[in-house]
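These figures come from a predicted structure and were not determined experimentally. Only heavy atoms go into these numbers, but all of them, side chains included; no hydrogens, no water, no symmetry mates.
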Amino acid sequence: METASETSRDLPLLTANEARLLGCLIEKEATTPDTYPLTVNSAQSAANQKTARDPVMSLDTGEVNHTLRQLEQKALARQVFSTRAERYEHRTGTYFGLPKQQVVLVGLLLLRGPQSALELLVRSERLFKFADLEDVRHHLDRLIQRQPALAIQIPRGPGQREDRYMDLLTGPVHVEAIAARSSAGSMTA
């Protein structure tokens with residue numbers, strides 16, 4: 001029988017830069033298929049994008065290059081050789097054995113942090129067309145129930161209408177702290 005520490009070692013722990021770049025690779029595969037796999041410069045532009053990102057980052061070329069190599073060492077990205085420039089593609093679906101729907105949800109969670117199922121449905125439209133909100137919830141439940149889990153459900157806090165979901169690739173999630181911080185932010189907005 002496996003213990004929690006034995007199953008958690010199968011889950012790679014991503015830095016903030018790794019999470020951002022992996023999320024960008026997932027997103028750009030669907031939204032810009034003509035330029036995917038991404039060059040280092042394209043990955044840098046995607047990572048530093050000011051919209052659809054939380055938090056906004058400012059990574060330089062060296063950081064992006066280093067981070068893409070780290071993702072490659074973790075088998076979550078792969079360098080693809082071309083005649084013009086080195087390019088990178090994500091390996092998320094292969095690495096975790098996930099269908100496209102769940103890869104898209106992981107990507108969105110990596111790019112934007114905690115989100116409700118409705119937010120994920122709306123934000124996924126350019127990446128994958130889910131049938132409805134229940135379809136999104138079904139795939140989120142699959143991400144939560146797998147071993148090791150790739151996502152966690154955060155119960156709604158005071159002043160919130162819906163539960164939210166967050167990835168577990170960036171480390172353990174302190175549900176109470178996130179719920180308290182988010183509800184405090186929604187009260188001041």
Side-chain angles (χ1 to χ4, degrees), residues 2 4-115 120 123-124 127-128 140 142-144 146-152 165-174 178:
E2 289 186 322
S5 63
E6 288 172 335
T7 57
S8 66
R9 75 171 173 229
D10 295 335
L11 193 62
L13 184 60
L14 302 181
T15 65
N17 291 357
E18 290 170 341
R20 172 58 52 85
L21 282 162
L22 183 58
C24 290
L25 291 172
I26 292 168
E27 175 191 56
K28 296 305 181 185
E29 178 187 30
T31 60
T32 59
D34 293 344
T35 60
Y36 185 83
L38 298 182
T39 63
V40 174
N41 286 341
S42 296
Q44 181 182 7
S45 294
N48 293 336
Q49 189 175 306
K50 291 184 176 20
T51 58
R53 307 286 187 261
D54 184 22
V56 172
M57 296 178 128
S58 181
L59 303 178
D60 65 39
T61 305
E63 289 172 308
V64 171
N65 235 329
H66 177 73
T67 302
L68 288 168
R69 281 194 227 103
Q70 288 176 310
L71 286 171
E72 193 173 23
Q73 289 174 354
K74 292 179 178 181
L76 289 168
R78 176 174 72 179
Q79 186 177 13
V80 178
F81 296 96
S82 71
T83 56
R84 293 185 182 182
E86 61 186 73
R87 294 178 172 271
Y88 288 87
E89 65 183 5
H90 76 89
R91 309 288 294 147
T92 312
T94 303
Y95 185 90
F96 293 111
L98 299 176
K100 182 156 181 71
Q101 300 94 314
Q102 292 170 28
V103 171
V104 164
L105 291 172
V106 168
L108 287 170
L109 292 172
L110 290 172
L111 289 174
R112 293 185 175 212
Q115 299 165 73
L120 288 164
R123 292 171 178 163
S124 67
L127 307 170
F128 184 87
L140 287 166
R142 301 287 307 261
L143 289 170
I144 291 168
R146 61 175 278 121
Q147 291 299 320
L150 294 177
I152 187 168
Y165 299 85
M166 188 168 176
D167 78 273
L168 291 173
L169 290 171
T170 52
V173 173
H174 302 286
I178 290 171

Open item on the list: With a 3.5 Å distance limit and no angle check, can you tell me whether Arg91 reaches the backbone of Leu71 through a side-chain donor-acceptor pair?
Closed with: no
- [ ] List the atom of Lys28, the atom of Ala46, and the distance in Å for their closest heavy-atom pair.
- [x] CE-CB, 3.7 Å
Task: Intermediate values then yes/no, side-chain contact (heavy atoms from CB on, under 4.5 Å), Gln102 and Phe96 - done: CA-CA 10 Å; Gln102 292 170 28; Phe96 293 111; over 6 Å; no
TODO: Mind checking the CG-CD1 spacing from Leu140 to Ile152? Nearest 0.5 Å is all I need.
DONE: 12.5 Å
Open item on the list: Please evaluate residues Glu18 and Leu169 with respect to the criterion side-chain contact (heavy atoms from CB on, under 4.5 Å), reporting the C-alpha separation (whole Å), side-chain torsions for both, the decisive distance (0.1 Å), and the verdict.
Closed with: CA-CA 10 Å; Glu18 290 170 341; Leu169 290 171; over 6 Å; no
Open item on the list: Looking at every heavy atom in both Ala47 and Arg20, which two are closest together, and how far apart are they?
Closed with: O-NH1, 3.1 Å
TODO: Taking all heavy atoms of Val103 and all of Ile26, pick out the closest pair and write down the distance.
DONE: O-CG2, 3.6 Å
TODO: For the residue pair Leu76 and Pro12, establish whether any side-chain heavy-atom pair is separated by less than 4.5 Å.
DONE: yes
Task: Non-hydrogen atoms of Cys24 and Leu111 that approach each other most closely - done: N-CD2, 3.7 Å
Task: Short side-chain donor-acceptor distance under 3.5 Å, Arg123 and Gln115 - done: yes
Task: With sequence neighbours excluded, residues passing side-chain contact (heavy atoms from CB on, under 4.5 Å) with Ala75 - done: Tyr95
TODO: Enter the distance from Leu120:CG to Leu105:CG here, rounded to the nearest 0.5 Å.
DONE: 6.0 Å
Open item on the list: Going by the rule side-chain contact (heavy atoms from CB on, under 4.5 Å), which residues pair with Ser124 if we only count those two or more places apart in sequence or in a different chain?
Closed with: Val104, Leu108, Phe130
Task: Point-to-point distance, once rounded to the nearest 0.5 Å, from CE of Met57 to CG of Asn48 - done: 8.5 Å
TODO: For Lys100 and Gly93, indicate whether the former's side chain and the latter's backbone hold a donor-acceptor pair under 3.5 Å.
DONE: no
Open item on the list: Counting only heavy atoms not in Arg112 (residues, nucleotides, ligands), do more than 12 fall under 6.0 Å from its CZ?
Closed with: yes
- [ ] To the nearest 0.5 Å, tell me how far Leu110 CG sits from Glu27 CD.
- [x] 11.5 Å
Task: Audit row: Asp167, Leu14, side-chain contact (heavy atoms from CB on, under 4.5 Å) steps and yes/no - done: CA-CA 11 Å; Asp167 78 273; Leu14 302 181; over 6 Å; no
Open item on the list: To the nearest 0.5 Å, what is the distance between CG on Leu13 and CG on Leu168?
Closed with: 10.5 Å
- [ ] Start with the C-alpha distance between Leu59 and Thr67, add both sets of side-chain angles, then the distance that settles side-chain contact (heavy atoms from CB on, under 4.5 Å), and finish with yes or no.
- [x] CA-CA 10 Å; Leu59 303 178; Thr67 302; 5.6 Å; no
Task: For Tyr36 against Tyr88, the heavy-atom pair lying closest together - done: CE1-O, 4.2 Å
Task: Where Leu98 and Arg146 come nearest, the two heavy atoms and their spacing - done: CD2-NH1, 3.4 Å
Open item on the list: Among residues at least two apart in sequence or on other chains, which ones pass side-chain contact (heavy atoms from CB on, under 4.5 Å) with Ala43?
Closed with: Leu21, Leu38, Val64, Leu68
TODO: To the nearest 0.5 angstrom, please state how far the OG1 atom of Thr92 sits from the CG atom of Leu25.
DONE: 8.0 Å
Open item on the list: Taking Gln79's backbone N and O only, do any of them form a donor-acceptor pair with Glu72's side chain (distance below 3.5 Å, no angle check)?
Closed with: yes
Task: Check: Asp60 main-chain N/O paired with Glu63 side-chain donor or acceptor under 3.5 Å - done: yes
